[in-house]
Each structure stands twice: as structure tokens, then as C-alpha cells.
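Worksheet: one structure, shown below.
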Amino acid sequence: MKKFLIDVSKSYIRTAITNSGELIELIAEERSSEPRAGDIYAVRVKDIVKKQYAFIDIGSEKNGFLHISGKNIQQGQTLVVQVVKPAYGEKGCALSLELSLSGKFAAVTTDNRPIGISHKITDSAERSRLFDIAKNSLPEEHSCVVRTNAENVSETVLSDEITALSALLNEITDKGR
């Protein structure tokens with residue numbers, strides 16, 4: 001059985017993937033006080049400007065910035081957001097309501113885009129096989145992009161990763177609410 005393990009301390013974040021107790025992959029990152037691209041936060045909307053932009057306090061020096069045109073978002077509302085661009089100069093980080101988690105073979109997202117297959121995979125039969133695996137592994141509310149590394153990977157390996165990333169994305173979203 002595959003498990004994702006996350007260890008967070010003041011100075012680092014370690015993420016491990018195990019299968020039946022055996023370590024498959026370990027990623028260790030130094031923890032920064034400034035938000036980085038890919039970081040996910042549960043936040044409250046601090047201010048809304050012209051019903052197009054929301055400024056969000058994510059605990060850093062500058063408020064994050066979120067485009068909200070066409071979305072029914074209110075001041076004080078709790079949201080789960082992901083940093084898409086770190087703070088730069090006078091501007092705070094750019095945020096998105098669409099979440100994405102990347103694995104070795106796929107990136108799973110909460111957007112409504114069609115399933116994507118890396119353009120570097122040119123064999124049409126392989127593209128079709130990978131598309132079918134992704135389609136059968138994803139819940140309706142998620143999409144994914146199959147990465148170049150997935151070429152010729154077994155169905156079980158790709159399916160397990162997509163399923164695990166989808167479950168983790170659901171868990172993050174549920175906890176954020």
C-alpha cells in the first residue's frame with residue numbers, strides 16, 4: 001500500500017512516498033518564511049477591489065493578490081489558494097483558486113481543463129494509452145497533465161500516482177474548508 005508522509009518543522013519540509021513500508025522517494029526542502037510557487041494556503045479574503053481583485057493576508061510581509069472576476073467571493077470568506085508567482089519588488093505573490101500537485105509522472109489539478117499529455121510523447125498509441133489510464137484514475141472534479149516521464153511506465157504505477165495525488169488534493173481542500 002502506498003503512503004505519502006509529510007514531516008514539517010521550522011526549518012524544513014520532508015515528503016516521503018512509501019510502498020508497503022519501503023521508501024520509494026524522499027524530497028527534503030528548506031522552509032522559507034516567504035511564500036513560494038506551489039505553496040497552498042487556507043486564507044481569508046482581506047479586501048476586494050472593483051469586484052475584480054482580492055487581497056489576501058497569507059502571513060507574509062505583503063498581501064497576496066487574486067483575480068476574482070466573475071467569481072462570487074466576499075470579504076472575510078475562507079478560501080484555499082495556491083501561490084502561482086512569488087512576491088517580487090513591491091508586489092505580493094500571485095494566487096490562484098485552481099490547485100495543482102505534481103508527481104513524477106503526472107500533475108493533478110482542480111481545474112476543468114481536458115486531460116493533457118506531454119507533447120514530447122509523440123507515439124499516438126502511447127498517448128492514447130496514457131490518456132485512458134489518466135481518465136480511469138481521476139475523479140470527475142480533477143484533471144491532470146501526464147508528464148514526459150510517464151512514457152512507457154506501467155499502468156499500475158501511473159494510476160497509483162494519479163490516485164494518490166487526487167486523494168491528497170481532496171484532503172488539502174477538505175482541511176482548508
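- Under the 4.5 Å side-chain heavy-atom criterion for Ile, Leu, Val, Met, Phe, Trp and Tyr, Leu99 and Leu168 are members of the same hydrophobic cluster.
- Separation of atoms OG1 (Thr148) and CD1 (Ile117) is listed at 10.5 Å; rounding is to 0.5 Å.
- Crowding of Asn112 atom CG: a count of heavy atoms from other residues, nucleotides or ligands under 6.0 Å not exceeding 12.
- Arg36 and Val83 make their closest contact through O-CB, 3.3 Å (heavy atoms, listed as atom of the first residue, atom of the second, distance).
- Closest non-hydrogen pair, Val108 versus Ser166, comes out as CG1-OG, 3.6 Å.
- Put simply, Leu101 and Leu95 are part of two different groups of oily side chains (I, L, V, M, F, W, Y) that touch within less than 4.5 Å, one to the next.
- Residues forming a salt bridge (Lys or Arg N to Asp or Glu O under 4.0 Å) with Asp111 (at least two apart in sequence, or on another chain): Arg113.
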Checklist entry - Could you walk me through whether Leu97 and Val81 pass the side-chain contact (heavy atoms from CB on, under 4.5 Å) check? => result CA-CA 5 Å; Leu97 293 170; Val81 297; 3.9 Å; yes
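- The nearest pair of heavy atoms linking Val153 to Asn149 is CG2-O, 3.3 Å.
- Under a cut-off of 6.0 angstrom, the local environment of CD in Glu141 is crowded, with over 12 non-hydrogen atoms contributed by other residues, nucleotides or ligands.
- Here the CG atom belonging to Asn170 is positioned 11.0 Å from the CG atom belonging to Leu165, to the nearest 0.5 angstrom.
- The two residues Cys144 and Ala134 have their closest heavy-atom pair at SG-CB, 3.7 Å.
- Between Ile56 and Asn63 there is no side-chain heavy-atom pair separated by less than 4.5 Å.
- Sequence neighbours left out, the pairs with a member in residues 128-137 that pass side chain to side chain donor-acceptor pair (under 3.5 Å) are Glu126-Arg129, Ser137-Ser159.
- The distance from atom CG of Leu130 to atom CD of Glu151, rounded to the nearest 0.5 Å, is 7.5 Å.
- Qualifying salt bridge (Lys or Arg N to Asp or Glu O under 4.0 Å) partners for Arg44, counting only residues two or more places apart in sequence or in other chains: none.
- Every residue meeting the side chain to side chain contact (heavy atoms under 4.5 Å, CB included) condition with Lys85, not counting sequence neighbours, appears here in chain and number order: Ala94.
- Under the side chain to side chain contact (heavy atoms under 4.5 Å, CB included) criterion, Gln74 pairs with Asn72, Gln77, sequence neighbours left out.
- The hydrophobic clustering, which links ILVMFWY residues whose side-chain heavy atoms are closer than 4.5 Å, places Val80 and Val84 apart.
- Side-chain contact of Gln52 with Ser69: a donor-acceptor pair under 3.5 Å is absent, judged by distance alone.
- Residues Ser102 and Arg147 form a side-chain contact, since some pair of their non-hydrogen atoms from C-beta on lies under 4.5 Å apart.
- Summarising the geometry, atom CD belonging to Glu155 is positioned 4.5 Å from atom CD1 belonging to Ile133; distances are rounded to the nearest 0.5 Å.
- A distance-only check finds no donor-acceptor pair linking the side chain of Lys46 to the backbone of Gly64 [under 3.5 Å].
- For the atom pair Thr163 OG1 and Lys2 NZ, the distance stands at 9.5 Å (nearest 0.5 Å).
- For Gln75, the side chain to side chain contact (heavy atoms under 4.5 Å, CB included) test picks out Asp47, with sequence neighbours left out.
- Ser100 is linked by a side chain to side chain contact (heavy atoms under 4.5 Å, CB included) to Gln82, Ala107, Thr109, counting only residues two or more places apart in sequence or in another chain.
- Counting all heavy atoms, side chain and backbone alike, Lys104 lies closest to Glu161 at N-OE1, 3.0 Å.
- The hydrophobic clustering, which links ILVMFWY residues whose side-chain heavy atoms are closer than 4.5 Å, places Ile68 and Ile40 apart.
- In the hydrophobic cluster analysis, where Ile, Leu, Val, Met, Phe, Trp and Tyr join through side-chain heavy atoms closer than 4.5 angstrom, Leu138 is grouped apart from Val145.
- Tyr53 shares a hydrophobic cluster with Val49, Phe55, Phe65; the chain of contacts runs through ILVMFWY side chains whose heavy atoms sit under 4.5 Å apart.
- For Lys51, the NZ atom is loosely surrounded, since the number of other residues' heavy atoms within 6.0 Å does not exceed 12.
- Rounding to the nearest 0.5 Å gives a distance of 8.0 Å between OG1 of Thr15 and CG of Leu26.
- For the side chain to side chain contact (heavy atoms under 4.5 Å, CB included) with Asp160, the qualifying choice from Thr156, Val157, Ile162, Leu158 is Thr156, the only one to do so.
- In plain terms, the two heavy atoms of Cys93 and Ile58 that are nearest each other are SG-CD1, 3.2 Å.
- The salt bridge (Lys or Arg N to Asp or Glu O under 4.0 Å) check on Lys120 picks up nothing, with sequence neighbours excluded.
- Residues satisfying the salt bridge (Lys or Arg N to Asp or Glu O under 4.0 Å) criterion with Glu171, sequence neighbours excluded, are Lys175.
- Tyr88 belongs to no hydrophobic cluster with other residues, because no ILVMFWY side-chain heavy atom falls under 4.5 Å from its own, directly or through intermediates.
- Identified under the ring-ring contact (aromatic ring centres under 6.0 Å, His included) test for residues 97-142, with sequence neighbours left out: none.
- Using a 4.5 Å heavy-atom threshold, the side chains of Leu66 and Leu79 count as touching.
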